[in-house]
*Asks:* 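Here you go, one structure.
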Amino acid sequence: MTHFDPSQMRVLALDPERHARILGAPGTGKTEVLVETFRRVLHLPGWDELDVLALAPNRLVASQLRPLLERSVGRAFGGTPVRTATSFAFALLNRAAAIEGKTAPRLLTGTVQDETIAAVVDGRLAAGEFSTAELVPEIVQSPTYRAELRELWRVLDDFGLTPQQLMTELKEVQQVSRREAHTRAPDVELANRWLETLSIIASVADRLAVERPTELSSSALLREATAALHGIAVAQGAGAKDSGRLRIPKLILVDDAQELGEGELALLAGCVRAGSAVWVFGDPDLATGTFQGERTRVLARLNAELERRGAFASPAQPEQCGVLSTVYRHNSELRGFVGELAARVGAVGAGEQRNAIAAESVSPDSDPDAVQFVVASSPAEQIGIIAHRLRARKLGLGRDEPVSWAEMAVICRTRGEAGRVARTLASHQVPTGVAAGGVILREHQIVRELIRLLQHALDISPLDPHEVLQLAGGVIGGLDPVAVRRLRGSLLLLGRQGVHASEGNEPLVEGFVAEAFTHPGEHPIVDSAGGRVLRKLGRTAAAGVRVRESGGTAREVLWALWEKTGLAERWQDDALEGRGVRSEEAHKSLDAVMGLFFALQRHEEQDSERPIQLLLKELLDSAIPEDSLAQRAEREAITVTTPQGAIGREFQIVVVIGTQDGSWPNLRARGSLLGAATLERWLRGEEAVAPSRKETIHDELRLLVHSCSRTRGELLVCAIADENHHPSAFFRFGERCLVTELPSARLTLRGATAQLRRGVTADPGDESSLRSLVALAAEGVPGAAPTTGMGYCLRAPPHHCMTSWPTPNCVCR
Ligand SMILES: Nc1ncnc2c1ncn2[C@@H]1O[C@H](COP(=O)(O)OP(=O)(O)OP(=O)(O)O)[C@@H](O)[C@H]1O
C-alpha cells in the first residue's frame, strides 16, 4: 500500500465537485494520486462507477491505467473507467444516436480521407480551378500538402467551425484590413492559401457526406460529441440512463493533461457546462504534442481555458490547485539532472512543480553513474555501446541485479530512426519491439503476399502467372532468384518438347505457370524445387477458394491460406528458439500477420458495410500504422520508441539517442505551407504568427526532458561525432556527465568467442583463452571449434594441437 506524502495528501483532500489542476514534476506520483482519487470518490455516497472517468492521452496509456484502477478498487469494472478523448467522444455519440434513434458513427480512416482529398485535388487541377500562385500542381498533389490540409481540417474541427464559416470570417477580416491600418488579419498570402484549401476541404466534406455519411475522422468525432453535449439533454447520476438522457461523469480525471489539444478541451468544456468537474494532472515541461498547438495553458489556468472553450465560469468557485513535491522515480542524481534540464524550458505560467526533490527512500546512496553522456565515433560504435550496456545489464553485470529486457528503452527523436535502431540492435542480439505508433502492414512482404492470395481466393482479382512467379520467389514460395530462373528454364524446356512448341517463350512459361497454379495435381509440373513451390502455391490458393465457396468469411479464408503456407510453425520456432536477426524478423512478421487478422476481425465485428475489397486495397495502400495494442506479441523485448511513444511510461534503463546537430533540436519549420499552428493561434484570438525559433527550441527541449525523465535507475545519452554527425547543443547540457570510451563489444557468446580467438591467434600461449575456447567448443558454441570459421590453430593444454587443420594463417606454422 502506498504511503502518500503530505503534498499528495493535500491533493487527495481536494473537493471532487470542483475543478482542480495538479502539477507535478516527472515521477512525483501524479498517476498514483489519480488512481487513489478514483478509488476514493467511488466510496462517496451517491457515486457509482459511471460518475468518474479517467482520461488518458492515448490507448497505450489507457490500457496500462485500467489494471492499476482495478487493482486499487479491488475488482474488475463493468464499464470502461479509462478512455482516450476520442473513445469518450465515440461513446457519447453512440449513446446520443441510440437516444435519437439514429445510426451510430464510425471512424473514417486516415487513408480514405487522404484518397478523397487526392481525388478532389486532381479534379480541381483538371478543371483548372486553382487560383493561388503558390499552390502549383507539384505541391497540391504531394503527400505533404495533403498532410497539412488534414492538419488544417483538424484545427477547424477543434474550433467547431465549418470551412464556409472560416472562409466568411477570413474574407471579412481581409476587407477590414484594406480599410484600416491595424487589424488582426493574417498575412495575405497565407490567408489566400487558407481560403483555397478551405474550399477544397468543403468539397471533400461534401463528397464524404454522400459516399460515407456515417463516418467521422477522429477530430470530427470530438467536434460532434461536443455539439451533442450542447444539443441533447444531459444528466448525471444513475437515473440518466433510463430517462433517455446522455449521462456524463461527475468527475473527469485527466492524466498527462499537458497533451490536451483544443478539440479535447472543447469536449471537456462541454462536459463542464453539463455539470462535470475536471481535474487535470500534468507537467507543462513534458508536453510532447506542442507542435500541434500550445497545449499546456490548461495547467496554468484551468477555469479560464475551459471558459474560453464554452464552459460557464463560476467566480464563487475558483479552481483548486495542488503541487506535488517529492519525486519517487528518480534518485538525487537523476532528479538533479532532469530538474536542470526542465529549468531551461520556457515556463508557460506554471513553474512551481520544478522545485520537487527526490525522495530519500528511492536511493539513499548516491549513484554518480546514474546519468552518463557518451560520444561514439560512428553510428556502428553507438549501436555497439548501447547493445553492450543493455546486454551487460541483462546479464546483471555492473549493477546489483539483472534487469529484464522489458525494463529497458531506447528513445529516438523520430519514428524512422526508431525503426532503424530496432533493426540494428536486433542484429546485436538485443530483442527489440518498436512502440512508435504501431505497425504499417504494407511494409511487410508477407502481408502483401497474403493479401494478394486473399484477393485471388475471394475472386476479387485473380493472380496472373507473372504474380504467381513473384510469389514463388517471395516469402511464401521461398525460392531464390536462381531457382526462379531455373523454374522458368525447365518450363520452357517442357513447352518446347510438347504441344506448345510453336508459341513464343513467355506465353509458354505463363501457360504452364497458370496451369500448375490453377490445377495443382498429385505431382508437380516439373520435378524440381520450383515445380513443388508452384504446386504448393496452387494448393494454398485452392484451400482458400474452398473456404470461400463453402460460405467462409474473409478472415476464415485468410486462415486457410495462412495455414497452408506452413510459415506459422517455422516462424514460431525461429521466434522462440532463434537468436538475433532471425528471431527478430520472425517476431515482426508474426506481429504483422496478426495485424492483418485483426484488421479483418475488426471489419467482421463492426459489421462494416465497407466492401472487403476496399479494405484490402486500403491495407495495401495505407502508410498509416495499424493499432499497435492489438498486435504486440507477448514476448520480452526492449522498447524502442519516440518521446511521444513513451508518454506515461517508466523503465529501469533509458538510452536517449539523436541529439545531433540538425536533428534534435529540429528547427525546420513544420507545416509551413498552410500554417495550421498559426491558424490555431489566430482562432484563439492571438496574433497570426508562426511559432518562433525560440518556441520551437523549447518544444524540442520538452521532448528531451520527457525522454530523460522516463528512467527509474539509469540514463545513457549517446551522440555521434564523425565527419557527418556532430552532437547538438542539447547534448552539451550533459557535459558534466560526460564519460569517455564506454565498451562497445557485443557481449554475446559469438562476440566473446571472436575475442578469445583473436587472443589465441595473437598469443598461442594464452592458456586462459585456450581453456575457455575448449569449454565453449565442447558446448557446441558456433565458432569456438578450430575447425570452424577462418581457422586458427588451437593448442590446448598440455600442448597438443587440437586440430590437424593447419590453415594458411595458422600461427603454429
Ligand atoms: N507516495 C509514494 N511512495 C512511493 N512511491 C510512489 C509514491 N507516489 C508515487 N510513487 C511511485 O513513483 C513512480 C512514479 O509515479 P507516477 O507514475 O504516478 O508519477 P507521474 O508523476 O505520473 O509521472 P510522469 O508524469 O512522469 O509519467 C511510480 O513507480 C509510483 O509507484
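Counting convention: from 1, in listed order, for ligands and their atoms alike.
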*Asks:* Tell me the protein heavy atom at minimum distance from atom 6 (C) of ligand 1, and give that distance in Å.
*Replies:* Y328 CG, 3.4 Å
*Asks:* Check ligand 1 against R329 and write out every atom of the ligand that is under 4.0 Å from a heavy-atom position of the residue.
*Replies:* 14 (C), 17 (O), 19 (O), 23 (O), 24 (P), 26 (O), 27 (O)
*Asks:* Does any N or O atom in P26 lie less than 3.5 angstrom from one in ligand 1, N or O only?
*Replies:* no
*Asks:* Does some non-hydrogen atom of G27 fall short of 4.0 Å from ligand 1?
*Replies:* yes
*Asks:* Quick check: do V374 and L716 have side-chain heavy atoms less than 4.5 Å from each other?
*Replies:* yes
*Asks:* Is E700 paired with R413 through a side-chain N to carboxylate O contact shorter than 4.0 Å?
*Replies:* yes
*Asks:* In ligand 1, which numbered atoms sit nearer than 4.0 Å to a non-hydrogen atom of E650?
*Replies:* 13 (C), 14 (C), 28 (C), 29 (O)
*Asks:* Is the closest heavy atom of D283 to ligand 1 under 4.0 Å?
*Replies:* no
*Asks:* Mark up the atoms of ligand 1 that fall under 4.0 Å of a heavy atom belonging to T2, in ascending order.
*Replies:* 1 (N), 2 (C), 3 (N), 7 (C)
*Asks:* Can you find an N/O atom of R649 closer than 3.5 Å to an N/O atom of ligand 1?
*Replies:* no
*Asks:* Are R389 and E714 within salt-bridge range, i.e. N to O under 4.0 Å?
*Replies:* yes
*Asks:* Which ligand 1 atoms does H3 reach within 4.0 Å, using its non-hydrogen atoms?
*Replies:* 1 (N), 2 (C), 3 (N)
*Asks:* Hey, is R684 close enough to E305 for a salt bridge, meaning N to O under 4.0 Å?
*Replies:* no
*Asks:* Are F337 and F373 an aromatic pair by the rule of ring centers under 6.0 Å?
*Replies:* yes
*Asks:* Does this structure show an ion pair linking E650 with R710, if we count only N-O contacts that are shorter than 4.0 Å?
*Replies:* no
*Asks:* Kindly confirm or rule out an N or O of T28 lying under 3.5 angstrom from an N or O of ligand 1.
*Replies:* yes
*Asks:* Return a yes/no value for T31: is any of its N or O atoms, backbone included, closer than 3.5 angstrom to an N or O of ligand 1?
*Replies:* yes
*Asks:* With a 4.0 Å cut-off on heavy atoms, is R710 touching ligand 1?
*Replies:* yes
*Asks:* Got the closest protein heavy atom to atom 19 (O) of ligand 1, with its distance?
*Replies:* G29 N, 3.1 Å
*Asks:* So among R702, Q353, H698, R344, which one has a side chain to side chain donor-acceptor pair (under 3.5 Å) with D285?
*Replies:* Q353
